[in-house]
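Scroll down for the structure; my scribbles are underneath it.
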Amino acid sequence: LVMGSSLVSCRSFVLQDATDTLSSSAPLIGIEATVQLLCALLSRLSSDPNRQSSRLETGVALPLSAVVLQLITFLTDVDSETETTASAAAANTSNNIGSRNPNASQTSVEKEDMVKICTLVCAAIASCSSGADVTRNYERATILSCGLVDILSAMRSGHGAEAFGEKMLFRSSWGEHDAYLNAAALLLQIASERVSSDHSTNGVNTQFSEKERSMVLAARSGFTALITYFDWLESKLKEQVPSFADSFLLRVYTFDNNRAASPETTAFARLGSALESYDVDAAFILQQIASCRTGTYFLLNMGITTALVSAATKYAKEAYGPGGGLDEIVERETYGAREVQAPEFLRGHLLLLNTMLSLGVAELAPPARQKLLYDAAQIIQWYSATFDRLIRSFPKDMDLVTELFTCLHLIASSLSQRSSTGPTDTIATGLETMIDPHVLSRLERRAIDLAFHLAEYPFPGPLLPSIPTRLASMERAKLSQNTHVSISVSRGSSWWNLLSDVDTQASQSIHLPDPPTGLGSGSAWGSRFGINSSSSNGAWTAEKYDHAIAAAKCLEACLLYLEIRAEGSSTLPLDGLSLSKGICRCSDAARSISERLEYLGHSNAADVASRMSASLNAQSLPANHAEEAERCALQILGPGLGRNASNLLTLAYAQSKNLEREFVARHGTGTSLQIQSAVNEFTSCIMPALEHTQIESKGIGCDGTSANHEFNKTVARELRDELESLSRGLM
């Protein structure tokens, strides 16, 4: 206890920072001595607690574990800074390489020492599985697990990571392998403890539950770091570890099963049960498992998707009554019309499900794939009432809405792959057999409404160029057909108006020029890049770029789903006017961003500073910092808007093919006039967009590779040919 307290008290003398360590003044103890001290402490902590000669006094192990964590943090920080410094020095002195001074002190941790420290930490964690004081042993194990996370992270970075990883994987003794396995098993045991999301208790119980929660979360972090590190090694060295049967994850699973009294009492089974009890963090450890090789197959056999369905069913019935909200008829409201508080656990459940769908579907046998897709569809169905409200409250919980559309897209695309090799079932039929048609139709109406709204407003309305004159005339004519209510064309009111006022506070924002949207303001700067010195929404900021990027990602996920649904299905109510406006807005913005990025690449800081001063009307960073922030944002946003323009174009082409099939099927019937009217309206809307954007000859800005550029031009030409062919067929 005295030694532990002394080390903590003297930390400022023992653990000097990396800058001091690398300077001419030597520290009290160097890197090598620190490693030796750390290994000595770990050896004591990993000794057999049942042997009297090696047993630590009660109360000593815990403070020593804290000191170990501090030493590991110190060493990994020094190693990280040394790697950075060495890389910079190598770049600056490539022509003046001399021999290393043999008397120079060690300035980084040797890779061999890293492996040794990692092994000793695992042994120290494993030793916590025995002893009378379980609570203190578990607390010690979780403290050490934090050090394990740091050391494993350091081992995956830098030069030669695979080489010393190979040593750890293949050349360690059986005792060392057992240390890794036993450490993982103990951390899994602690990690499987259920953590309630309810913090309404008071007094001592609240403090205890918070401490217990911290321990469980630390154990989960350490466990996932260990299994993902070994999975990374096994994937890098797949020739030596060819199958899942040889994997570290399966060894942990087998070890867990062998020591459990029944399959229901295994630690992995308890993690599944934690999902049903709304444990907020349980899904994240399972998501890390899903990201491992054959992780989806592993979790599917564990019944994780069944647990996710149970959680969704339970929540829906608690929130909306016995029917779970599946039979309610929801009115068509605009965005922001209703607030809903999403359950705290929902994001983790969706991320877990999407990880399983994105990484594991292709490797599954047909029965397992069908099980995964069916369970995923059931999860979407039971959360449908919540998703309906989340979409209407956009942009609140934007990330959840994005994950929803990502999940729908992954399910639909997997069904498409299955259908392409099977004799029956179209994509639409397959999905509608899994999700109630009423529920699916309701979600798809919301998806179409939101997609067209986001496509029309990639930026606030006042910053956007007007839509082509012919489209504006058609919009007014369409709205005027409704004689029962007075309707006017929107003047820019959009989801941007629903953002929190916090995002527009000048004192907390990085002010930037208004984004390039294609809108000219009359000046040389504005006419080319859409820079406006005034904005009805206030000065443009880096935070607003974050919102634009997030909305573009949400739109992309939504459009990818609608594309698959539109292929071979004419049931989607896709409006030609909305499609056309979205194509114009996204294409104009992407092309303008492409030009702006090209300009930033050739401009100098002084020129940019003088031009920026006209549009920055509040406190801001220096011009070069603001320029870098703008460039980074545009490099993400531009390609996203380019992909969205391309997806809208592809969606328009799919709809034209659907109209062609409908026209052929109804020709000569009593409904032929109806389809002829739909074809004429769709053609009259899409043609102005093709003429305005000139995608057939210019492509779409920020469309990445030359292959994408040519693809977009080809789709635009084929779309025009299809529309002209339809028009000729109507004559």
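Residue Tyr374 places its OH atom among 12 or fewer non-hydrogen atoms of other residues, nucleotides or ligands, all under 6.0 Å distant.
With Leu45 as reference, Leu64 is the one residue of Leu64, Val60, Leu120 to meet the side-chain contact (heavy atoms from CB on, under 4.5 Å) rule. Checked options Thr34, Leu42, Val35; the residue passing with Leu38 is Leu42 (criterion: side-chain contact (heavy atoms from CB on, under 4.5 Å)). Here the options are Val439, Leu346, Leu400, the test is side-chain contact (heavy atoms from CB on, under 4.5 Å), and the partner is Phe387; only Leu346 passes.
Checking side-chain atoms of Thr402 against main-chain N and O of Met398 turns up a donor-acceptor pair under 3.5 Å. No donor-acceptor distance shorter than 3.5 angstrom exists from the side chain of Arg270 to the backbone of Glu193, with no hydrogens or angles considered. The closest donor-acceptor contact from the side chain of Asp231 to the backbone of Arg293 lies under 3.5 Å. No side-chain donor-acceptor contact under 3.5 Å links Ser129 to the backbone of Leu186. Side-chain atoms of Ser145 come within 3.5 Å of backbone atoms of Thr142 as a donor-acceptor pair (strictly under, hydrogens ignored). Not a single donor-acceptor pair under 3.5 Å links the side chain of Asp375 to the backbone N or O of Val309. Proximity of a side-chain donor or acceptor of Ser153 to a complementary backbone N or O of Val149 within less than 3.5 Å is not detected. A distance-only check finds no donor-acceptor pair linking the side chain of Arg156 to the backbone of Trp232 [under 3.5 Å].
With sequence neighbours excluded, no residue satisfies salt bridge (charged side-chain N to carboxylate O under 4.0 Å, His left out) with Glu276. With sequence neighbours excluded, the residues forming a side chain to side chain donor-acceptor pair (under 3.5 Å) with Thr386 are Tyr320, listed by chain and number. Partners of Asp150 by salt bridge (charged side-chain N to carboxylate O under 4.0 Å, His left out), not counting sequence neighbours: none found. Residues passing the salt bridge (charged side-chain N to carboxylate O under 4.0 Å, His left out) test with Asp281 are Arg213, sequence neighbours excluded. Residues forming a salt bridge (charged side-chain N to carboxylate O under 4.0 Å, His left out) with Asp399 (at least two apart in sequence, or on another chain): Arg347. For Phe284, there are no ring-ring contact (aromatic ring centres under 6.0 Å, His included) partners at least two apart in sequence or on another chain.
Between Phe345 and Tyr383, the two ring planes are tilted [angle within 30° to 60°].
In summary, the aromatic rings of Tyr180 and Phe248 are positioned with their centroids too far apart to meet the 6.0 Å limit.
A donor and an acceptor atom, one from each side chain of Glu234 and Ser247, are nowhere located under 3.5 Å apart.
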